**Q** 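Handing you this structure, nothing more for now.
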Amino acid sequence: YSDGLYNIVVEGMITEVQLHVAAILSFKERSHHYYEFFRSFFSGNVDAAKTYMGLLETLVDTDNNTSAEAQILNILKSSNLSMLECLAELASTAGDCALQIQVYRRLLELKPEDNSCMLNLGVAYCKNGEYSRAEQNVNKCLELRQQNLGPENPETLQALSSLGIVLKHEGRFDEAEKKYRECLEL
């Protein structure tokens, strides 16, 4: 049990402040992943910092006295597409696959034929090691894009390449190579 005891001046008055170091260290352990991400990502990148701080300001209701987790859950339960898309972008940038999966599943509930959400969900499943789910979503996206956009459309080729990546992660190298070659031929 460690405390820090400090005397500080607030508006001309000397005030004693006691910090409970254990609580600070506990919070640091829970949030350090995000701190490291933001510190490394924004290092020297002022425009990116402004963009992502804007995303955070959009997502976090500072007037509301609820935790960040509670606010995320409220966004996930909502039908607010712009907030969900903003949360998806932030989760993707932070590399939080579990949150990405939750957000893209919710977006697909609201927009069931959105093949971009299907592809993004498949990619998130793949990054999370859930390859059969990844393959299912990427295949469905690929089918829709082939039907609606044609086989040579860049978005269709993106889905075909993503399927190759999923197959590679599953250890199905011959099938993955076939998908990659198909992309190159088109």
Side-chain angles (χ1 to χ4, degrees), residues 32-59 72 75-76 78-186:
H32 193 70
H33 167 76
Y34 294 102
Y35 165 77
E36 282 298 321
F37 164 75
F38 279 101
R39 191 174 120 210
S40 64
F41 184 81
F42 295 128
S43 177
N45 194 346
V46 176
D47 291 336
K50 287 179 183 176
T51 299
Y52 288 102
M53 289 309 291
L55 287 173
L56 286 171
E57 288 172 359
T58 301
L59 292 172
I72 288 171
I75 293 169
L76 287 170
S78 79
S79 298
N80 186 328
L81 294 176
S82 64
M83 291 289 274
L84 286 161
E85 288 164 354
C86 183
L87 183 58
E89 183 178 348
L90 194 62
S92 175
T93 304
D96 189 336
C97 297
L99 182 56
Q100 280 179 275
I101 290 168
Q102 291 179 40
V103 175
Y104 286 122
R105 287 177 65 182
R106 178 63 179 142
L107 282 166
L108 276 173
E109 288 174 9
L110 300 171
K111 306 184 298 181
E113 294 302 314
D114 186 329
N115 59 55
S116 290
C117 283
M118 279 177 217
L119 183 61
N120 290 332
L121 179 58
V123 169
Y125 276 132
C126 185
K127 288 178 181 176
N128 208 41
E130 299 178 57
Y131 302 121
S132 62
R133 289 182 173 174
E135 185 178 353
Q136 179 183 10
N137 281 278
V138 173
N139 260 326
K140 186 167 182 176
C141 172
L142 178 59
E143 289 171 13
L144 286 171
R145 287 183 176 181
Q146 285 174 331
Q147 290 171 0
N148 298 329
L149 304 173
E152 295 180 10
N153 184 284
E155 290 183 34
T156 304
L157 295 174
Q158 176 192 28
L160 185 60
S161 175
S162 295
L163 182 56
I165 292 168
V166 172
L167 294 170
K168 180 188 80 171
H169 282 290
E170 288 182 301
R172 296 161 55 189
F173 301 113
D174 291 340
E175 293 175 70
E177 182 182 358
K178 182 180 174 189
K179 298 302 177 190
Y180 292 141
R181 289 188 185 282
E182 198 176 326
C183 278
L184 292 172
E185 290 170 7
L186 294 172

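These figures come from a predicted structure and were not determined experimentally.
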**Q** Heavy atoms only: give me the nearest Lys127-Cys97 pair and the separation to one decimal.
**A**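 It is CB-SG, 3.4 Å.
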**Q** Give every residue pair that meets the side-chain hydrogen bond (donor to acceptor under 3.5 Å, both in side chains) criterion with at least one member in residues 146-165, sequence neighbours excluded.
**A**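 Sorted result for residues 146-165: Arg145-Gln158.
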**Q** Taking atom CG of Asp96 and atom CD of Gln102, what is their separation to the nearest 0.5 Å?
**A**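 With rounding to 0.5 Å, CG (Asp96) is 8.5 Å from CD (Gln102).
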**Q** What pair of heavy atoms forms the shortest contact from Ala159 to Cys141, and how long is it?
**A**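 Nearest pair, atom of Ala159 first, then Cys141: CB-SG, 4.1 Å.
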**Q** I'd like to check the side chain to side chain contact (heavy atoms under 4.5 Å, CB included) partners of Glu175; sequence neighbours left out, ordered by chain and number.
**A**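 Glu175 satisfies side chain to side chain contact (heavy atoms under 4.5 Å, CB included) with Leu167, Arg172 only.
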**Q** Answer yes or no: is there a side-chain heavy-atom contact under 4.5 Å between Val138 and Leu119?
**A**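 Answer yes - side chains close enough.
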**Q** Sequence neighbours excluded, which residues qualify as side chain to side chain contact (heavy atoms under 4.5 Å, CB included) partners of Arg106?
**A**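 Arg106 satisfies side chain to side chain contact (heavy atoms under 4.5 Å, CB included) with Ser79, Leu84, Glu109, Leu110 once adjacent residues are dropped.
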**Q** Testing the basics here: between Ala134 and Gly122, what is the closest heavy-atom pair and its distance to 0.1 Å?
**A**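 Closest pair (atom of Ala134, atom of Gly122, distance): CB-O, 3.2 Å.
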**Q** Can you run down the side-chain hydrogen bond (donor to acceptor under 3.5 Å, both in side chains) pairs that involve residues 176-186, sequence neighbours left out, and say none if there aren't any?
**A**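 As it turns out, the side-chain hydrogen bond (donor to acceptor under 3.5 Å, both in side chains) pairs with a partner in residues 176-186, which skip direct neighbours, are Glu177-Arg181.
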**Q** Can you list the residues that meet the side chain to side chain contact (heavy atoms under 4.5 Å, CB included) rule with Ile101, with sequence neighbours excluded?
**A**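 Expected list: Arg105, Leu121, Ala124, Tyr125, Asn128, Glu130.
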**Q** Rounded to the nearest 0.5 Å, what separates atom CG in Leu76 from atom CG in Leu99?
**A**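 Answer rounded to 0.5 Å: 6.5 Å.
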**Q** So how far is it from Asn137 CG to Leu142 CG, rounded to the nearest 0.5 Å?
**A**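 Here the rounded value is 12.5 Å.
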**Q** Could you grab the distance from atom CG of Leu81 to atom SG of Cys86, nearest 0.5 Å is fine?
**A**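 Result: 12.5 Å between the selected atoms.
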**Q** Using modelled atom types only, decide if a donor and an acceptor are shared between the side chain of Ser92 and the backbone of Glu89 within a distance under 3.5 Å.
**A**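 No: the side chain of Ser92 does not pair with the backbone of Glu89.
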**Q** Does anything in residues 142-167 pair up under ring pair (Phe, Tyr, Trp, His ring centres under 6.0 Å), and if so which pairs, sequence neighbours excluded?
**A**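 As it turns out, there is no ring pair (Phe, Tyr, Trp, His ring centres under 6.0 Å) pair with a partner in residues 142-167 once direct neighbours are skipped.
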**Q** Write out all pairs satisfying ring pair (Phe, Tyr, Trp, His ring centres under 6.0 Å) with one or both partners inside residues 80-103, taking only residues at least two apart or from two chains.
**A**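 Listed once each, the pairs would be none.
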**Q** Roughly how far, to the nearest 0.5 Å, is CG of Leu160 from SG of Cys183?
**A**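 Going from SG on Cys183 over to CG on Leu160, the span is 3.5 Å.
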**Q** So do the side chains of Asn139 and Leu163 get within less than 4.5 Å of each other, counting heavy atoms only?
**A**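 When only atoms from C-beta onward are counted, Leu163 and Asn139 do touch, with a gap below 4.5 Å.
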**Q** Using the ring pair (Phe, Tyr, Trp, His ring centres under 6.0 Å) rule, collect all pairs that involve residues 135-179, keeping only residues at least two apart or in two chains.
**A**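 Sorted result for residues 135-179: Tyr131-His169.
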**Q** Please test Leu144 against Glu113 for side-chain contact (heavy atoms from CB on, under 4.5 Å), starting from the C-alpha separation and ending with a verdict.
**A** CA-CA 8 Å; Leu144 286 171; Glu113 294 302 314; 3.8 Å; yes
**Q** Show every salt bridge (charged side-chain N to carboxylate O under 4.0 Å, His left out) that has at least one partner inside residues 115-125, sequence neighbours left out.
**A**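 Qualifying pairs, neighbours excluded: none.
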**Q** For residues Ser82 and Asn80, report the shortest heavy-atom separation together with the two atoms involved.
**A**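 Minimum heavy-atom separation between Ser82 and Asn80: OG-OD1, 2.9 Å.
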